[in-house]
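Below is one structure; the comments refer to it alone.
Residue numbers start from 1 in every chain, and the chains themselves are labelled A, B, ... in the order their sequence lines are given, proteins ahead of strands.
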Amino acid sequence: MIEWSPTKIAAFQKTLLNWYDHNKRDLPWRHGHDPYHVWISEIMLQQTQVQTVIPYYQRFMKKFPTVQALAVADESDLMKAWEGLGYYSRARNLQKAARQLVEDYDGQWPTTAKELQNLSGIGPYTAGAIASIAFNQPVPAVDGNAFRVFSRLLEIDADIAKPQSRRIFEKAIQPLMPKDRPGDFNQAIMDLGTSYMSATNYDSEHSPVKAFNQAYLDGVEDHYPVKTKKKRPVPVKYFGLISRSEKGFLFEKRPSNGILSGFWMFPLIKADELPVKPAASEKTVLATLEKQFLETYQLPIHVKKLAGQPVSHTFTHQKWQIILLETTLSSQVDLSFFPGKWIPEAEFSDVAFTKVQSKMWARYQAETRY
DNA sequence: CACTCGTGGGG
DNA sequence: TCCCCAAGAGT
């Protein structure tokens, strides 16, 4: 890692902010510095591309225009607004924090990064972003862009995949923050990080800060940022149960913990958790599944495998392969032992579907021409 | 600290 | 197909 003189720091600030003033992206959340607007956009932008966020942000602001509106919203409306964005705990934490603001802070935003981190879903990055953009606090906002940009500018060798690297970057960036325009500085770094200094297809030759890019000047740019590789998703096999009756389709409410928690989905049975020998025939496996459903939920199902390949869906850490099973079940069956309910197809559009649920539904329609 | 938690896009 | 990446936070 290298260090800059005060003269060089001043020159960098001037160059960066001048470029930003003439080239900043016109984004919906950049029309003012309302902390609510900054907050919602920052949460949505976590691990999510700008282009994806824009329509969600606009719909969200129309539906939940204020902290108070968000605090009193129905959770189902909230999840519907978040449908398809992923990392759904972001939405739930958003409402938790809205209620914290109303109840614990009397509707008054805390203005320092330290205080902001007491709100659910606001971690070190988002706290820095809100504090600097909405409240003019001279603190860094270290996201993936900042990691990448400053690792190159200063040749910082710390592995950005390691949690401990954050403080190294924060300490390196803090002295570079302009006291008068910290929010613009942080946003300029983000714009730089998605353009001239992007992860792939970067163009340092034409970058406005190429004279400050030590890695570029030394011809070692492809070495930065240092980042250890992630593990690949683990394959997991499921059976997806699609049961139709006069009352609609049978849905199960997923557990309150874990992946896709709380969503209504076609019941999913993990194949590995069925009590069968690894070498069991498919016929045996399906018979066991029927037996389990009868014993556990008092539901007399008779499954029929749907044609076609399994429905495949990849998450960050899991790759699901779902074999769809069709059953017809009387709408009169007793569901008191089953954590689910019938949902009429006419109501599907009111229910938040996860991506994998949409895939199963689409496949069912295609295979059955239902 | 290592792991979990979604989805879409690009090479 | 597979991998990486994208304005991270909670546990």
Quiz item: By a strict heavy-atom criterion of less than 4.0 Å, which residues belonging to residues 36-58 of chain A are in contact with DNA chain B?
Solution: A:Q47, A:T48, A:Q49

Quiz prompt | Whole-Å distance separating the CE atom of A:M197 from the P atom of C:dA6 | solution = 12 Å

Quiz item: Any side-chain heavy atom of A:T316 sitting closer than 4.5 Å to one from A:Y87?
Solution: yes

Quiz item: Does the side chain of A:Q292 come under 3.5 Å of the side chain of A:Y297 through a donor N or O and an acceptor N or O?
Solution: no

Quiz item: Can you check whether A:Q46's main-chain N or O pairs, donor with acceptor, with A:T48's side chain at less than 3.5 Å?
Solution: yes

Practice problem: For the pair A:F263 and A:Y88, evaluate ring pair (Phe, Tyr, Trp, His ring centres under 6.0 Å) and give the outcome as yes or no after the intermediate values. | Solution: CA-CA 10 Å; A:F263 279 94; A:Y88 298 98; 4.6 Å; yes

Quiz item: Considering only the P atoms, how many Å lie between B:dT4 and C:dA7, rounded to the nearest integer?
Solution: 23 Å

Practice problem: Could you list the residues that satisfy salt bridge (charged side-chain N to carboxylate O under 4.0 Å, His left out) with A:E205, not counting sequence neighbours? | Solution: A:K210

Quiz prompt | Axial cation check for A:Y202 ring with A:R152, 6.0 Å and 45° limits | solution = yes

Quiz item: Do the charged groups of A:R244 and A:E345 touch, with an N to O distance under 4.0 Å?
Solution: no

Quiz item: Is the shortest side-chain N to carboxylate O distance from A:R166 to A:D143 below 4.0 Å?
Solution: no

Exercise. Would you mind reading off the distance between A:R254 atom CZ and B:dT4 atom P, rounded to a whole angstrom?
Key: 15 Å

Practice problem: With DNA chain C as reference, determine whether A:K96 or A:M190 sits nearer its 5' end, using the nearest nucleotide of each. | Solution: A:M190

Practice problem: Please report, rounded to the nearest Å, how far the C1' atom of B:dG6 is from the NE2 atom of A:H313. | Solution: 6 Å

Quiz item: Does A:V356 share a hydrophobic cluster with A:L85, counting links as ILVMFWY side-chain heavy atoms below 4.5 Å and allowing steps through other members?
Solution: yes

Exercise. Would you kindly give the OH-to-P distance between A:Y202 and C:dA6, to the nearest whole Å?
Key: 13 Å

Self-check item: Nearest-nucleotide 5' precedence on DNA chain B, A:P163 against A:N257
Solution: A:P163

Quiz prompt | 5′-ward residue of the pair A:N201/A:H317 relative to DNA chain B | solution = A:H317

Exercise. May I ask you to decide if A:F266's main-chain N or O and A:Q357's side chain share a donor-acceptor pair within less than 3.5 Å?
Key: yes

Quiz item: Which of parallel (below 30°), tilted (30 to 60°) and perpendicular (above 60°) describes A:F348 and A:F353?
Solution: tilted

Quiz item: Which is true for A:T194 with a 4.0 Å heavy-atom rule: it touches a base, it touches only sugar-phosphate, or it touches nothing?
Solution: sugar-phosphate

Practice problem: Select base, sugar-phosphate, or nothing to describe what A:G193 touches, counting heavy atoms under 4.0 Å on all strands. | Solution: nothing

Quiz item: Should the pair A:K341 and A:W264 be classed as cation-pi, given the thresholds of under 6.0 Å to the six-membered ring centre and 45° from the axis?
Solution: yes

Quiz item: Have A:Q137 and A:S132 got a donor and an acceptor in their side chains that come within less than 3.5 Å?
Solution: no

Exercise. Could you check whether A:N93 gets within reach of a base, just the sugar-phosphate, or nothing at all, counting any heavy atom under 4.0 Å?
Key: sugar-phosphate

Quiz item: Of the nucleotides B:dA2, C:dG8, B:dG6, which one has an atom closest to the side chain of A:K162?
Solution: B:dA2

Practice problem: Assign A:Q164 to base, sugar-phosphate, or nothing according to its heavy-atom contacts below 4.0 angstrom with the strands shown. | Solution: sugar-phosphate

Quiz prompt | Between C1' of C:dG10 and CD of A:Q117, the distance in whole Å | solution = 12 Å

Exercise. Check the distance between B:dT4's C1' and A:I259's CD1 and give it to me in whole angstrom.
Key: 8 Å

Between the protein and nucleotides 1-4 of chain C, list the N/O to N/O atom pairs that are separated by less than 3.5 angstrom.
residue	atom	partner	partner atom	Å
C:dC2	OP2	A:K319	NZ	3.0
C:dC3	OP1	A:R232	NH1	3.3

Quiz item: To the side chain of A:N145, which of C:dA7, C:dA9, C:dA6 is closest?
Solution: C:dA7

Quiz item: Just checking A:A199: base, sugar-phosphate only, or nothing, at a heavy-atom cut-off of under 4.0 Å?
Solution: sugar-phosphate

Quiz item: Can you tell me how far P in B:dG8 sits from the matching atom in C:dA9, rounded to whole Å?
Solution: 22 Å

Practice problem: Give, for atom OG1 of A:T15 and atom NZ of A:K8, the distance between the pair rounded to the nearest 0.5 Å. | Solution: 11.0 Å

Quiz item: Taking atom P of B:dG6 as reference, at what distance in whole Å does atom CZ of A:F353 sit?
Solution: 17 Å

Practice problem: Tell me which residues in residues 26-34 of chain A put a heavy atom below 4.0 Å from DNA chain C, sorted by number, or none. | Solution: A:L27, A:W29, A:R30

Quiz item: How far does the P atom of C:dC4 sit from the matching atom of B:dC3, given to the nearest Å?
Solution: 16 Å

Quiz item: For the side chain of A:T354, counting heavy atoms from C-beta on, which of B:dC5, B:dG11, B:dT7 is nearest?
Solution: B:dT7

Extract all donor-acceptor atom pairs below 3.5 Å that involve side chains of residues 54-75 of chain A and protein atoms in other chains or at least two apart in sequence.
residue	atom	partner	partner atom	Å
A:Y56	OH	A:E83	O	2.7
A:T66	OG1	A:Q68	N	3.4
A:T66	OG1	A:A69	N	3.0
A:E75	OE2	A:R92	NE	3.0

Quiz item: Which is true for A:S120 with a 4.0 Å heavy-atom rule: it touches a base, it touches only sugar-phosphate, or it touches nothing?
Solution: sugar-phosphate

Quiz item: Counting only non-hydrogen atoms, which of residues 70-88 of chain A are less than 4.0 Å from DNA chain B?
Solution: A:G84, A:L85, A:G86, A:Y87, A:Y88

Self-check item: C:dA6 and B:dC1, which share atom name C1', separated by this distance in whole Å
Solution: 23 Å

Quiz prompt | Distance-only side-chain donor-acceptor flag, A:D191 / A:Q187, under 3.5 Å | solution = no

Exercise. Starting from P on C:dG8, measure out to CD1 on A:I160 and report it in whole angstrom.
Key: 10 Å

Self-check item: Phosphate OP1/OP2 of B:dG6 contacted by A:R90 side-chain N/O (<4.0 Å)
Solution: no

Quiz item: Do A:S89 and C:dG10 have a side chain to base donor-acceptor pair shorter than 3.5 Å?
Solution: no

Exercise. Answer with base, sugar-phosphate or nothing: what part of the nucleic acid does A:K359 contact at a heavy-atom distance below 4.0 Å?
Key: nothing

